[in-house]
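First comes the structure, then the notes that go with it.
Both ligands and their constituent atoms are indexed starting at 1 by order of listing. Computed from heavy atoms alone, side chains included, the values below leave out hydrogens, waters and symmetry copies. Fair warning: this is a prediction, and the values are worked out from it, not measured in the lab.
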Amino acid sequence: MELTLDNLLVALKAAGEETRLRVLALFKSGELTVTELVTVLRQSQPRISRHLRLLCEAGLLEKHREGTWIFYRLADGGNKANLAKSIMKYIPYSDQILQRDQERLTEVKKARDMKAAKYFQENAENWDKIRSLYVPERQVEDYLLEVTADLKINDLLDVGTGTGRMLELFSERAERGIGIDLSREMLAVARSHLEQETISHMQVRQGDMYDLALKDSSMDLVLFHQVLHFADDPHAAIKEASRILRPGGYVIIADFLPHKVEKLRDDYAHRRLGFSDEEVKEWCNITDLNIKSTEVMRGKELDIAVWVAIKN
Ligand SMILES: C[S@@+](CC[C@H](N)C(=O)[O-])C[C@H]1O[C@@H](n2cnc3c(N)ncnc32)[C@H](O)[C@@H]1O
């Protein structure tokens, strides 16, 4: 749709106010909730909500509701999104006020990551029991092997490997494998599993899904098995996975479909309550990945989807 004079004016007016420009500046990457923005900007929730509403109405931000949380992100698609991105280019991040906001945002993100890290630290030993609580596990694993049957896997990367179960599953299919995880405790459990099973061509190391520290086009298969729902910027993680994939390589995402089990946030440190098919397809499409298949598996309380995308 063409940008009209009217909606250009609405968008510029929305951005042309100090707090709203500060809000926009915070959306350099990822999604944020109102509570997170309130903590960073130290203004009341009603004020921040009003600013967010104006920025959404102007088409510069988008929001989506998930259970009791609402996530906001920079608009992604169409003329207004281009306008939002252009405005972002001119934001002077070296400005003192904006710098302080960024520092507070880093603190907020750190506190959020610590919560998830603490959970994994405390639950590393029990993870294998916990992971099967909601998931038709055997069915997902069988399907992962089936859907990759024709893929020659010289190099495999398992993102958020946890206790290394995926490395074990693919140990006979892949020539070499690496599992990365942020949690040292999870990695310790993974290492001892791999040793017990005498799997020496699979290794684990500490790493971050947003910055994989691996060469471009160096992997045949990247797995995200029950990991993306912890991410605050799933699209950025998919982009990073695509970067390291060889042409024709697969990225596989196994995760929940949208659900309402809010207690997974409190009890299991989940950030997202599942992903819709449209959302995952959109991320893949704008990332040089073609969706090959989507398989839905119905669980007792929660449904799982396995998305397979191929690198162009
Ligand atoms: C649900 S658990 C393990 C899932 C594992 N793939 C499995 O199949 O059992 C998710 C893992 O993701 C890790 N994780 C969370 N955020 C991460 C990040 N930014 N980079 C790498 N790993 C991360 C956690 O430490 C945790 O071990």
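- With a 4.0 Å heavy-atom cut-off, ligand 1 is reached by the backbone of T161 but not by any atom from C-beta on.
- For T163, the heavy-atom gap to ligand 1 stays at 4.0 angstrom or more.
- Note: an N/O pair closer than 3.5 Å links M209 and ligand 1 by distance alone.
- An N or O contact shorter than 3.5 Å links D208 to ligand 1 by distance.
- Near G162, meaning under 4.0 Å from one of its heavy atoms, ligand 1 places the atoms 3 (C), 27 (O).
- For the pair Y210 and ligand 1, the shortest N or O to N or O distance does not fall below 3.5 Å.
- Remark: E122 CD is packed, more than 12 non-hydrogen atoms of other residues, nucleotides or ligands lying under 6.0 Å away.
- Heavy-atom proximity to Q226, at under 4.0 Å, picks out these atoms of ligand 1: 1 (C), 4 (C), 10 (C).
- A donor and an acceptor atom, one from each side chain of H64 and E279, are nowhere located under 3.5 Å apart.
- Checking each of L223, L187, V227, I178 against T161 for a side chain to side chain contact (heavy atoms under 4.5 Å, CB included) leaves exactly one that passes, namely L187.
- Proximity to F230 (heavy-atom distance under 4.0 Å) selects the following atoms of ligand 1: 1 (C), 10 (C).
- The environment of NZ in K239 is sparse: at most 12 heavy-atom neighbours from other residues, nucleotides or ligands sit within 6.0 Å.
- Contact annotation for R165 and ligand 1: no heavy atom of the residue comes within less than 4.0 Å of the ligand.
- When the side chains of ILVMFWY residues are joined at heavy-atom separations under 4.5 Å, either directly or via intervening members, Y210 and V280 end up in a single hydrophobic cluster.
- The shortest heavy-atom distance from G207 to ligand 1 is under 4.0 Å.
- Atom CZ of R176 has more than 12 heavy atoms from other residues, nucleotides or ligands within 6.0 Å.
- Taking a cut-off of under 4.0 Å to the non-hydrogen atoms of S183, the atoms of ligand 1 that pass are 25 (O).
- The N/O atoms of V227, backbone and side chain alike, include none that comes under 3.5 Å of an N/O atom in ligand 1.
- Of the listed residues (E141, H225, Q226), just one forms a side-chain hydrogen bond (donor to acceptor under 3.5 Å, both in side chains) with R165, and that residue is E141.
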Could you check R265 against E262 for salt bridge (charged side-chain N to carboxylate O under 4.0 Å, His left out), going step by step and ending with a plain yes or no?
-> CA-CA 6 Å; R265 283 193 169 130; E262 195 87 37; 2.7 Å; yes
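- Within a 6.0 Å radius of NZ in K85, other residues, nucleotides and ligands contribute more than 12 heavy atoms.
- Selection from I180, L187, L182, D255 by nearest heavy atom to atom 23 (C) of ligand 1 gives L182.
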